[in-house]
Amino acid sequence: MRRSKTFLTAVAAAGLALAAPISASAKDLRMALSAEPSAMDPHFHNLTPNNALTSHVFERLVHFDEKQTPIPGLATSWKTIDDKTWEFKLRTGVKWHDGSPFTADDVLFTMGRAPNVENSPGSFALYVRGKTFTKVDDHTVRVTTKEPYPLMPNDLATIAIISQKAATGAKTDDFNSGKAAIGTGPFKFSEFVKGDRYVVVRNDDYWGTKPTWSKVIIRPIKTGPARVAALLAGDVDVIEEVPTTDIARLQGDAKVSLGQGLSNRVIFFHMDQWRDETPFITANDGSKIKNPLKDVRVRKALSKAINRPAIVDRLMEKAAVPASQFLADGFFGVSKKLKPEAFDPDGAKKLLAEAGFPNGFKMTLHGPNGRYINDARMAEAVAQMFTRIGVETKVETMPPAVFFNRASAGAGGNPEFSFILVGWGSGTGEVSSPLKSLVATFDKTKGMGTANRGRYSNPVLDKAIDEALATVDDAKRAEMLAKASEIAIEDVGVIVSHYQLNTWATRKGLKYTPRTDEYTIATSVSEQ
Amino acid sequence: MSVTDAGAVNATVRRPAAQTPFQRFVADYTESRLATIAFILLIATMVLALIAPWIVPQNPYDLAQVDIMDSRLKPGTPASSGKYTHWLGTDGAGRDLVSAMLYGLRISLAVGVMSGLIAMALGAAIGLVAAYVGGRTESLIMRIVDLQLSFPAILVALMLIAILGKGVDKIIIALVTVQWAYYARTVRGSALVESRKEYVEAARCLGLSNARILFGHILPNCLPPLIVVVTVQTAHAISLEATLSFLGVGLPQTEPSLGLLISNGFQYMLSGEYWISFFPGLVLLMTIVVINLVGDQLRDVLNPRLSK
């Protein structure tokens, strides 16, 4: 214990030395992020840290509450006029930070800009495409689509509305400099120093509940232990993504309080199901074999080999929940029938033998290191479990940017690997997002299976997803989505492992309300 | 009273000749007690690494023998199989740390020595040719050496690993690429001096082939500085490999070297589970210090200018 204290002091001292001199007054809030936002432009990159940062300044027509349920934002109400037309009533009396009034013209301007940002590494086009926006009056907007589109409020909850007056012709740099960063949100832009600090100040003319904090300073501290040290040293008030190894210790620390909540992210495995010979699977003697992952019995066996409770307990330090499908209980469209696959190594061996692999085979598991909580160790643990049922598994992890590039298009535009560890957070907060992206047949033009890196394809499932997506009635759609999940999971299109739990830590006296979308935002921090 | 033997093959022979050159070398080397201890430790480390598979209780690279349920056990905890004790605890994946460290040491030493030897052979040959041929070839080679040395080694190694991928062989290739230039420069320097000496002229007059003059006559006389560079660069290669592994680009996750063990344990430091990083770090530190101590003493002994 003595040793760890000395070390801690050293780290804290180093942290202090590095920290920019930030004076803390009573109503300042200092938050530390695990990843750095790349722009103040809310349409530049659809990325959690960017979205969280920009939502201090900008607002959406529809907001998500902390469970990703759509609630009124800049639109006060919405309804369907007919199957293909939605009408949004806009909030009146809302003012931009520069004092000009918010109208339907700003919405139309935003929808024109959002899909067309230069050099965008992850565009919002996906959420705008196929929708026609028309102005009815200054505070009414209609959206029409070619097909019935039930996810309209969820889609519009992703697009930040920007000011036509301030942002006409604005480039991403103009937002970073603050010139175009004029929003309607609870905070006003103050400072953007990329990689160092992002500062916003309270908007005293805000239409909603005025924030507690007069000034919010957001800093990225990428290393987990350094983030914890900064909190303990009093350099910051809130940290996100507490390393799982520190959760138990912080729970016993009187100086901090923890907020932990279920995330919309599932950690799972994609399996190559389109090549007849897959590059990273061989027989035990190294010779080529036909792709065993095409056999559902092999996929089922691998799923049975995974000891999910052990992963949650030993590896994730209980900051996870064993997964049965794409989203945890409580989200829209999950199946109540599905249960996590039970750990059954003997059953797995039997299934492998039935499939013609009594002695298993050799496989390489690829994964990112540093994208998901404990991802590299997770890959290693699963490799242990596979090896025990006779599937000798090697692990190769690589930096996330390299990994995702190769996993999506490393083999001449097609996925390179045979068996990969990935995660998926449902941005819309319901099950159609993972179904559409992960297990629908890959079809770029239709926008289906865009992240289907195993190229799983099942016509029955495709039909079920298509039908669900065209159903406007909520109760009916939830049921159809659940059905589609069941088809995908029972056919083991992917192997799901666990849902992440996100953990925030604050200094004593503050409280963070956990959010399923993993956003770290000042309005979720309250005083106790 | 000193004897200057122009035809001497070994530079250490410039002493009264009561002992054989090797005996003199040993006598000179053992003058420093620290260096002697370092040498013994180095030999002990190498022997331990060599016989590791027969003395450790677990093969840490065999995933069937490693269990996640045994992860992060304190030093001194009995293994779940009950057959042995984890004297230094286990790491985050459940590997016995003693076993993992000795296996990691094997990799570290093998990578260091292999890349050191290959880089030496390559660099020495290139340096010799540069010095002997002279002219444009020499300029060209030495500018390439300068260019190579102007890049930080870690940066070049990182880029190469990113292109080549993971694995022991790839690490060796990367290390050889960043290190050959040191050898080339060292050898060229001393070869330039040697090639102007009379014995080389004499060899030319005898009509010996270029290759024979280069490798039979000049090279042996360039050996003393080369040996010093080899030891220092081997230590450097080991630390570079550890750095690459620490950054997560070196070796596969399931076959950790010392650097990867340190990196894996780093995240547990604040939780008080110090042993996962601490012991591998200690072994790495010791190995590098020991090699450097041996290298320093070799430099002193082999440098004629420092002879008393």
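Since we're looking at a predicted model, the values are computed, not measured. Below, chains carry the letters A, B, ... as their sequence lines are ordered, and counting in each starts from 1. Only this structure's heavy atoms are used, side chains among them; waters, hydrogens and symmetry mates stay out.
Between atom OH of residue B/Y268 and atom CG of residue A/D246 there is a gap of 10.5 Å, rounded to the nearest 0.5 Å. Here the straight-line distance linking atom CD of B/Q253 with atom CG of A/L365 works out to 11.0 Å at 0.5 Å rounding. A distance of 3.5 Å separates OG1 in A/T397 from NZ in B/K166, rounded to the nearest 0.5 Å.
Other residues, nucleotides and ligands contribute more than 12 heavy atoms inside 6.0 Å of the OH atom of B/Y84. The 12-atom threshold is not exceeded at NZ of A/K222, counting heavy atoms of other residues, nucleotides or ligands nearer than 6.0 Å. Surrounding CZ of B/F39 are at most 12 heavy atoms belonging to other residues, nucleotides or ligands under 6.0 Å away.
In terms of non-hydrogen atom pairs under 4.5 Å with chain B, the most contact-rich of A/G224, A/A376, A/A310 is A/A376.
With a threshold of 4.5 angstrom between heavy atoms, A/T244 does not approach chain B through any atom at all. For a residue to count as touching a neighbouring chain, one of its non-hydrogen atoms must lie under 4.5 Å from one of that chain's; by this rule B/Q65 touches chain A with the backbone only. Residue A/V395 touches chain B through both its backbone and its side chain, counting heavy-atom pairs closer than 4.5 Å. For a residue to count as touching a neighbouring chain, one of its non-hydrogen atoms must lie under 4.5 Å from one of that chain's; by this rule A/N374 touches chain B with the side chain only.
Checked by atom type and distance alone, the side chain of A/R314 pairs as donor or acceptor with a backbone atom of B/S71 at under 3.5 Å. Remark: side-chain polar atoms of A/Q384 are paired, donor with acceptor, to backbone N or O of B/A93 under 3.5 angstrom.
Among residues at least two apart or in separate chains, salt bridge (Lys or Arg N to Asp or Glu O under 4.0 Å) pairs with a member in residues 82-99 of chain B are A/E380-B/R95, B/D91-B/R95.
Smallest separation of non-hydrogen atoms from A/P399 and B/V249: CG-CG1, 4.5 Å. When all heavy atoms of B/V66 and A/R388 are compared, the closest pair comes out as O-NH2, 2.5 Å.
In this structure, B/T254 and A/E396 have side chains that are not in contact, with every pair of non-hydrogen atoms separated by 4.5 Å or more. Residues B/L63 and A/F386 have side chains not in contact (no heavy-atom distance under 4.5 Å, counting atoms from C-beta outward). When side chains are defined from C-beta on, A/R377 does not count as touching B/N264, because their heavy atoms never get closer than 4.5 Å. In this structure, the side chains of B/I68 and A/L315 come closer than 4.5 Å at one or more pairs of heavy atoms.
A salt bridge links B/R72 with A/E317: the distance from a Lys NZ or Arg NE/NH1/NH2 to an Asp or Glu carboxylate oxygen falls below 4.0 Å.
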